[in-house]
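Remember, it's 1-based here, ligands and their atoms both numbered in the order they're listed. Sequential numbering from 1 along the given sequence is applied to the chain's residues.
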Amino acid sequence: MPSLFDPLVAGRLRLANRIVLAPLTRNRSPGAIPGPHGLAYYTQRAGAGLLITEGTAVSHQGQGYADVPGLYAPAQLQAWRRITDAVHAAGGTIVVQLWHVGRVSHTSLQPGGAAPVAPSAVAAKSKTVLIDHGTANFVETSAPRALGPDELPGIVDDFRRAALAAVQEGGFDGVEIHGANGYLIDQFLKRGANRRDDAYGGSIEHRTRLAFEVAEAVAGAIGGDRTGIRLSPVTPANDIDDAEPQPLFEHLLRRLAPLGLAFVHVIEGATGGARERSERPFDYAAARRVYRAAGGSGAWLVNNGYDKALAQQALDQGADAVAFGRLFIANPDLVRRLREDAPLNAPDRSTFYGGGAEGYTDYPALPEAVATA
Ligand SMILES: Cc1cc2nc3c(=O)[nH]c(=O)nc-3n(C[C@H](O)[C@H](O)[C@H](O)COP(=O)(O)O)c2cc1C
């Protein structure tokens, strides 16, 4: 059985170990351009086998939070390029998370102050983050409007263009499509947010259409072997729900299998919360078997609430790599700390969203922690 510290080949990606930096929004990119401390933040974490960036908007319409970065303007791509160059110089592998938030947005973040877009005009009972004079404020999302069928090819194309720009101009090794946590793709997948009766709503076949078309377009543009997708079958994040996740996600995985993706990244349970939801049971091993039986290759990444022991158990049971979120926020040298069973710094929630270097790039690495202990 592999250990967390063994290398892994995931499509075209070469991971030095099986410890992955989970995507983490930090709201430190004013003007949607990766901010001044981003380079240090990612470079400090280059020891991860794979770095997945924070959610990064594929279009202005895809923005849902203050000060999150994008991939749709030259200045954004240039800033990312400096980061990816530094991560590569430090020996790391980095992909960007392609994000369209759909209804989880606010008119003040949308082009022309317009309503956010969604599969259906159903508001999410959830909050987004706006920043006022450097202070993060949680506010209700704005009521969305339903996307017309004629608009969906444009959304798919935004993902495709962003993926191409990410690898060609941004210097990324690949991309992760954000299909999780109640954002646009997840909104189309799940009945709670998708009340459409056209080719993108209703049956499982229809509701998986947008996710598949995005993955197909991105893989077609940059190669499936440097494309990943993140899914969260049962998370309630951002007020998303579906009563029958097992057949839904098994169908989606069967459709994705022929694309030859570099990885599938699954959040188990409620993102950042319980790993099991009794009201929404899900058999992850069965979903993986379905994917493999359909010819799905590439790596199977798992996430949510992992520590070292649980992560090794996941590898023993067939996962290929494990993504760590909060532990990686607080421990830039997480790989080394896990290897040496060293004590871990505790994450400070008050500095998760917004601000500067504090709580972002000033968590001590091991030698410093030992010296001051
Ligand atoms: C501050 C913060 C920001 C996050 N931002 C994102 C994001 O941009 N994209 C995403 O898919 N998940 C995001 N997540 C979820 C994490 O990637 C991860 O799924 C979650 O923290 C559970 O993993 P953990 O228990 O190892 O922290 C975020 C979580 C936190 C705490």
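Between Trp99 and Tyr65, the ring planes lie parallel to each other; the angle is under 30°, not in the 30° to 60° tilted range.
Other residues sharing the hydrophobic cluster of Leu15, ordered by chain and number and joined by side-chain separations under 4.5 Å: Leu8, Leu13, Val20, Leu50, Ile52, Val95, Phe263, Leu301. Hydrophobic side-chain contacts under 4.5 Å tie Val290 to no other Ile, Leu, Val, Met, Phe, Trp or Tyr residue.
Annotation: side chain of His100 is in contact with side chain of Ser59 (closest heavy-atom distance under 4.5 Å).
Listed by chain and number, the residues in a salt bridge (charged side-chain N to carboxylate O under 4.0 Å, His left out) with Arg226 amount to none (sequence neighbours excluded).
In this structure, Asp173 does not pair ionically with Arg14, as no charged nitrogen and carboxylate oxygen lie closer than 4.0 Å.
Sorted by chain and number, the heavy-atom contacts of ligand 1 below 4.0 Å come from Ala22, Pro23, Leu24, Thr25, Gly55, Gln97, His178, Asn181, Arg230, Thr271, Gly272, Asn303, Asn304, Gly305, Phe324, Gly325, Arg326, Phe352, Tyr353.
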